[in-house]
Amino acid sequence: MAEYEACILGLKLAINMNVQELLVIGDSDLLVHHVLGEWAINNTKIFPYLYYVQELMKRFTKIDFKQFSRIQNKFADALATLSSMIQHPDKNFIDPIPVGIHNQPAYCAHV
């Protein structure tokens, strides 16, 4: 249910920004396959979430869902964690955060 709530918030944000075409990339097999109609829903508590996502999807001229494994999504998870810790007075703008890729883990660089 948390994954559906995050998806709903993202779709609402895109709608508020007047996005017409959207590619939703998620790491939840369950959500992506439910939305695409590829998997049946066994938990009846999920139905209201799915119906709401489907209603929001109608607001876009084109919307696609793509699934990435969580292992492939470590960088996005790290950015999401980082962004949840940032408080900025102007909600429409956040200063860029420089991101670098190291050849070795951070604990090796620290030693």
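All values derive from a computational prediction rather than experimental measurement. Note that the numbering runs from 1 along the sequence shown for the chain.
- Put simply, the side chain of S28 never gets that close to the backbone of E3: no donor and acceptor are under 3.5 Å apart.
- Of the options V24, L50, I63, a side chain to side chain contact (heavy atoms under 4.5 Å, CB included) to V35 is made by L50 and by none of the others.
- Residues satisfying the salt bridge (charged side-chain N to carboxylate O under 4.0 Å, His left out) test with E55, not counting sequence neighbours, are K58.
- Cluster annotation: W39 and Y51 are assigned to distinct hydrophobic clusters (Ile/Leu/Val/Met/Phe/Trp/Tyr, side-chain heavy-atom contacts under 4.5 Å, transitive).
- Between M57 and Y52 there is no side-chain heavy-atom pair separated by less than 4.5 Å.
- The side chain to side chain contact (heavy atoms under 4.5 Å, CB included) check on I46 picks up M1, Y4, H34, I41, N43, with sequence neighbours excluded.
- Residues satisfying the side chain to side chain contact (heavy atoms under 4.5 Å, CB included) test with T44, not counting sequence neighbours, are F47.
- To the nearest 0.5 Å, atoms CG (L11) and CZ (F60) are separated by 5.0 Å.
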Output, in order, the C-alpha distance, side-chain angles, deciding distance and verdict of side chain to side chain contact (heavy atoms under 4.5 Å, CB included) for K66 and L23. CA-CA 7 Å; K66 191 171 186 179; L23 172 61; 4.1 Å; yes
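- Distance check, rounded to the nearest 0.5 Å: CZ of F65 to CG of L31 gives 6.5 Å.
- Taking hydrophobic clusters as Ile, Leu, Val, Met, Phe, Trp and Tyr residues chained together by side-chain heavy-atom distances below 4.5 Å, I25 does not share a cluster with L30.
- The CD1 atom of I15 lies 4.5 Å from the CG atom of L56; values are rounded to the nearest 0.5 Å.
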